[in-house]
Number of protein chains: 2
Amino acid sequence: MSPEENPVPPAAPGKKKLSREIVLSAALSLVDSEGLDALTMRRLGQELGRDPMALYRYAENRAALLDGVSELVLNELAIFPDDPDWQAQLRRIAHDLRELALRHPNVVPLLVTRPLSTPLGLRPLGTLRPLEQILSLLIEAGFAPADALHVYRAYYGYLYGHILNELQEFVVDPDENEALLRLGLHRLPPKDFPRLRTLAPVLADYDGKAELDEGITILLSGLAARLSPET
Amino acid sequence: MSPEENPVPPAAPGKKKLSREIVLSAALSLVDSEGLDALTMRRLGQELGRDPMALYRYAENRAALLDGVSELVLNELAIFPDDPDWQAQLRRIAHDLRELALRHPNVVPLLVTRPLSTPLGLRPLGTLRPLEQILSLLIEAGFAPADALHVYRAYYGYLYGHILNELQEFVVDPDENEALLRLGLHRLPPKDFPRLRTLAPVLADYDGKAELDEGITILLSGLAARLSPET
DNA sequence: CGCCTAGAGTCTACATTGTAGAGACGTCTT
DNA sequence: AAGACGTCTCTACAATGTAGACTCTAGGCG
């Protein structure tokens with residue numbers, strides 16, 4: 001009568017063995033849907049139908065779990081270090097990363113914050129992969145290694161900056177987008193913030209994609225100037 | 001015999017009345033010296049010789065306290081919106097903000113993260129001041145208001161990005177700067193991270209100031225191009 | 001077939017955190 | 001003198017991360 005009975009284990013609801021990927025992706029979807037604060041050990045345990053303590057077999061502690069989530073997200077980013085057209089590649093990566101951030105806005109604080117408290121060499125490897133691959137891309141495009149590093153920094157710096165900017169204005173509360181924005185701005189004392197208040201309508205329709213693209217164009221052309229004189 | 005006796009209150013150790021500024025700057029120095037995690041209500045209370053609960057008179061809750069700290073730090077940043085040389089002004093602000101960040105590295109996560117969960121209009125006013133003033137600077141320099149906003153975004157985006165980049169490599173553990181960096185890198189599997197490992201020495205001497213300046217130059221010249229055609 | 005071992009998951013317990021609510025204490029006003 | 005108010009303290013509680021000992025199951029070996 002109940003075809004759902006799992007024959008092997010005690011047939012509890014959906015109770016196959018856990019695994020790191022299962023745990024991490026459950027964590028990610030929790031963060032995506034309810035925010036970083038909702039990711040507590042107890043809650044995640046409950047989500048997986050397990051005692052919270054079971055999780056410690058797959059992540060040493062909460063911080064490691066957060067790192068795991070970062071890694072998981074960054075793995076969604078594809079980079080092709082062999083593309084001969086490095087500018088096009090960097091531009092595409094920028095847009096991809098932007099969309100990734102919009103898809104997982106609650107993870108962005110992690111991406112930005114965790115490396116600040118972890119020296120380069122101790123970070124989760126998945127986190128370093130983009131760095132390595134972009135370096136590779138640039139070096140193969142003809143940059144001297146040291147220059148590649150400089151270019152990477154300027155590029156990634158701008159890119160992260162843009163994403164942070166855009167997310168800040170996105171009004172995390174997705175319900176009352178424009179209304180609340182203006183309402184919010186309405187609270188500002190007009191004497192001290194005339195410009196901001198005037199710009200409210202412009203703020204409201206922010207085309208992040210176009211703006212990113214422009215910025216990247218400016219940056220790339222500036223950076224390319226470094227390459228051309230010596231090629 | 002004890003000239004330090006406070007005549008008025010029960011003469012407890014250093015017990016004049018608290019004030020928001022006192023609380024906030026105690027919070028800031030705690031964060032500066034021991035990191036964000038050390039800033040608990042209890043600890044801060046102890047630092048001020050008060051019951052933790054006393055703090056709630058000066059900040060509604062912990063989050064508000066963090067906002068206060070952000071504000072306090074950003075107030076250290078001077079902006080002169082009337083400077084006719086907007087490029088020079090932006091360049092100086094960039095360097096000032098960078099140094100501010102290096103002076104208060106533990107606050108940077110706050111600066112970056114808190115706005116992500118607070119809509120524009122509800123942020124602490126001190127946090128919005130730089131935005132307003134830079135807009136003012138640009139508009140007075142001849143940019144159309146909407147363009148000023150674009151320029152601001154590109155500029156601030158790059159600036160924050162750079163600061164994050166630089167802090168990430170600074171190895172927060174200030175004791176064993178270069179050694180630990182290389183040791184850390186040494187752990188990376190050579191097959192997967194050849195570029196990064198090769199670049200270790202270059203990574204080690206990162207001249208953040210120069211690099212910021214170059215980036216700003218590139219950006220400013222790109223941005224100025226927008227202004228000139230119509231002036 | 002019985003036992004043993006190892007790994008996965010659970011249970012209990014504890015220190016630490018933010019913060020609500022009621023009260024204590026002092027100072028100022030009238 | 002009395003009351004009101006602002007500042008601070010005390011007590012208490014729910015929630016969190018996580019250590020340590022336990023249970024349970026599956027599989028290997030005699």
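For the numbers below, each heavy atom of this structure counts, side chains included, while hydrogens, waters and symmetry mates do not. In what follows, every chain begins at residue 1, and chains take the letters A, B, ... in the order their sequences are listed.
- A straight line from OH of Tyr56(A) to P of dT18(D) spans 4 Å, rounded to a whole angstrom.
- Residue Arg50(B) has its side chain nearest to dT9(D) when only dG18(C), dG17(D), dT9(D) are considered.
- Interatomic distance, Leu188(A) CG to Arg123(B) CZ, rounded to the nearest 0.5 Å: 10.5 Å.
- Separation of atoms CG (Leu149(B)) and OH (Tyr206(A)) is listed at 8.0 Å; rounding is to 0.5 Å.
- Atoms CZ and CD1, from Arg98(A) and Ile216(A) in turn, are 11.5 Å apart once rounded to the nearest 0.5 Å.
- Remark: P of dT16(D) and CG of Leu39(A) are 11 Å apart, rounded to the nearest angstrom.
- Regarding contacts with the backbone of dT7(D), every side-chain N or O of Tyr58(B) stays at 4.0 angstrom or more from both OP1 and OP2.
- Whole-Å rounding puts the Arg62(B) CZ to dA15(D) C1' distance at 15 Å.
- Relative to the side chain of Ala54(B), the nucleotides dT18(D), dT9(D), dT10(C) differ in distance, and dT9(D) lies closest.
- For the pair Gln46(B) CD and dT16(C) P, the computed distance is 12 Å after rounding to whole Å.
- Checking dC8(D), dT16(D), dC10(D) against every side-chain atom of Lys17(B), the shortest atom distance belongs to dC8(D).
- Across dG18(C), dC11(C), dG9(C), the shortest atom-to-atom separation from the side chain of Leu18(A) is found for dG9(C).
- One can place CD of Glu60(A) at 13 Å from C1' of dA19(D), the figure rounded to the nearest angstrom.
- Take the nearest nucleotide of DNA chain D for Leu55(B) and for Asp37(A): the residue whose nucleotide is more 5' is Leu55(B).
- Here the C1' atom of nucleotide dT16(D) and the CG atom of Leu65(A) are 14 Å apart, to the nearest Å.
- Closest to the side chain of Arg42(A), out of dA13(C), dC10(D), dG9(C), is dA13(C).
- Considering only heavy atoms from C-beta on, Val112(B) stays 4.5 Å or farther from Pro109(B) through its side chain.
- Residue Arg57(B) is classed as a base contact, given a heavy-atom separation below 4.0 Å to a base.
- Put simply, CG on Leu44(A) is 18 Å from P on dA15(D), counting in whole angstrom units.
- Checking dT12(C), dT11(D), dG18(C) against every side-chain atom of Met53(B), the shortest atom distance belongs to dT11(D).
- If you measure from atom CG of Asp51(A) to atom P of dA21(D), you get 17 Å, rounded to the nearest angstrom.
- Ring-plane geometry between Tyr152(B) and Tyr156(B) is classed as parallel, the angle between the planes falling under 30 degrees on a 0 to 90 degree scale with a further cut at 60.
- Nearest nucleotide to the side chain of Met41(B), out of dT11(D), dG18(C), dG20(D): dG18(C).
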